[in-house]
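For reference, the structure is listed below as structure tokens.
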Amino acid sequence: HSSGAIFAGTDSSLFRSTNGGAGWQQIDFGLSPLSVPSLLIDSSGTVYVGTGSGTVFQSTDVGVTWTQLGSGLQGKVQSLTKDKAGGFFAGTSYALFRLTNNGQSWEEKTSNISGVTCYGFTTTFGSQIYAATHRGIFTSADYGSSWNLVYSSSTNTPRAITAKSNGVVFAGMASGM
């Protein structure tokens, strides 16, 4: 985080350090215990957390206060990303979702790839989105309305994905890169 704060999500809580990791403070959402499998900090410094109970919270004050984003998510929130146009996506153990209606609801965006478990998201320039799922790596050029399979393997599942600013995409696999 730009303030120097470090955040860590665990199976039972969210923690914050403001001294480089020398000490940690548990963050209380008023819902405990709360599994936090995914974190995202955007360019403005807003912190987002995805929970095991299928909710996403945001904080604009380094984790002091939190607001729930939207409704309608299903499954454990395993990944979060924002595209360059400001679109916000959540990958869950059930499907891929996009935040719609000015942050009021989550819309499933898996019309042609239903039933996927999403482990990670990344974006490149424009509206290109990549999703690492249990069925392979998919890409969408239309904000998640349709998806194309770009990598599939029955023996090596993608578990994480990221992109460099030049558009090169890297995937961490269950059995290596």
Side-chain angles (χ1 to χ4, degrees), residues 1-110 115-124 127-134 140 143-145 158-163 165 172:
H1 191 272
S2 60
S3 70
I6 303 168
F7 291 87
T10 70
D11 285 342
S12 61
S13 194
L14 176 67
F15 294 87
R16 175 185 58 213
S17 175
T18 57
N19 58 9
W24 293 87
Q25 173 189 22
Q26 186 174 3
I27 304 291
D28 183 10
F29 292 90
L31 306 168
S32 91
L34 188 63
S35 167
V36 179
S38 56
L39 288 162
L40 173 69
I41 301 173
D42 71 13
S43 59
S44 72
T46 299
V47 180
Y48 302 91
V49 296
T51 71
S53 62
T55 54
V56 175
F57 293 94
Q58 74 172 1
S59 175
T60 57
D61 56 10
V62 197
V64 175
T65 60
W66 295 88
T67 305
Q68 183 175 336
L69 287 182
S71 63
L73 278 178
Q74 297 176 30
K76 174 181 174 182
V77 182
Q78 300 183 144
S79 58
L80 299 168
T81 197
K82 289 180 95 174
D83 66 20
K84 306 304 182 234
F88 192 48
F89 295 85
T92 75
S93 56
Y94 175 78
L96 312 169
F97 294 86
R98 182 168 189 212
L99 191 62
T100 60
N101 301 324
N102 295 316
Q104 299 301 308
S105 59
W106 292 94
E107 178 183 1
E108 186 176 345
K109 295 304 247 178
T110 52
V116 298
T117 297
C118 183
Y119 299 115
F121 273 120
T122 193
T123 59
T124 59
S127 60
Q128 196 74 25
I129 305 164
Y130 291 85
T133 76
H134 78 285
S140 174
Y143 303 104
S145 292
R159 296 293 184 169
I161 194 161
T162 190
S165 60

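Not measured: the values here are computed from a predicted model.
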Using a 4.5 Å cut-off on heavy atoms from C-beta on, say whether the side chain of Lys76 contacts that of Thr117. no
Is there a side-chain contact between Ile129 and Phe121 in this structure, where contact means two heavy atoms from C-beta onward sitting under 4.5 Å apart? yes
Kindly compute the distance separating OG1 (Thr123) from NZ (Lys82), expressed to the nearest 0.5 Å. 11.0 Å
Trace of the side chain to side chain contact (heavy atoms under 4.5 Å, CB included) decision for Phe97 with Leu99: CA-CA 7 Å; Phe97 294 86; Leu99 191 62; over 6 Å; no
Those residues that, when tested against Thr133, pass side chain to side chain contact (heavy atoms under 4.5 Å, CB included) (two or more places apart): Val116, Ala131, Arg135, Phe138
Using 30° and 60° as the class limits, which term best fits the ring planes of Phe88 and Tyr48: parallel, tilted or perpendicular? tilted
Would you say Val64 and Ser59 make side-chain contact, with heavy atoms under 4.5 Å? no
For residues Phe7 and Val62, determine if any side-chain heavy atom of one lies less than 4.5 Å from a side-chain heavy atom of the other. yes
Could you tell me if the side chain of Trp66 sits less than 4.5 Å from the side chain of Leu14, heavy atoms only? yes
Spacing of CG belonging to Leu34 relative to OG belonging to Ser12, to within rounding of 0.5 Å: 9.5 Å
Side chains of Lys109 and Ser145 in contact at under 4.5 Å (non-hydrogen atoms): yes
Using atom types as modelled and distance alone, determine if a side-chain donor or acceptor of Ser105 lies under 3.5 Å from a backbone N or O of Ser71. no
Whether the side chain of Asn19 engages the backbone of Ala22 through a donor-acceptor N/O pair (distance < 3.5 Å, no angle test) should be reported. yes
For the pair Ser38 (side chain) and Leu80 (backbone), establish whether a donor and an acceptor sit closer than 3.5 Å, ignoring hydrogens and angles. no
Report the residues that fulfil ring pair (Phe, Tyr, Trp, His ring centres under 6.0 Å) with Tyr94, sequence neighbours left out, ordered by chain and then residue number. none
Using every non-hydrogen atom in the two residues, find where Ser79 and Cys118 come nearest and quote the distance to one decimal. OG-SG, 3.6 Å
From Glu108 atom CD to Leu73 atom CG, the distance as rounded to the nearest 0.5 Å: 10.5 Å
Scanning both residues in full, the closest heavy-atom pair of Thr122 with Thr81 reads CA-OG1, 4.2 Å
Value for OG1 (Thr10) from CD (Gln26), rounded to nearest 0.5 Å, stands at 7.5 Å
Are any of the side-chain heavy atoms of Ser93 and Gln78 separated by less than 4.5 Å? yes
Minimal heavy-atom distance between Ser13 and Ile27, with the atoms involved, is OG-O, 3.8 Å
Looking at Trp106 and Leu69, would you say the former's side chain and the latter's main chain have a donor-acceptor pair under 3.5 Å? yes
Is any side-chain heavy atom of Trp24 less than 4.5 Å from a side-chain heavy atom of Ile6? yes
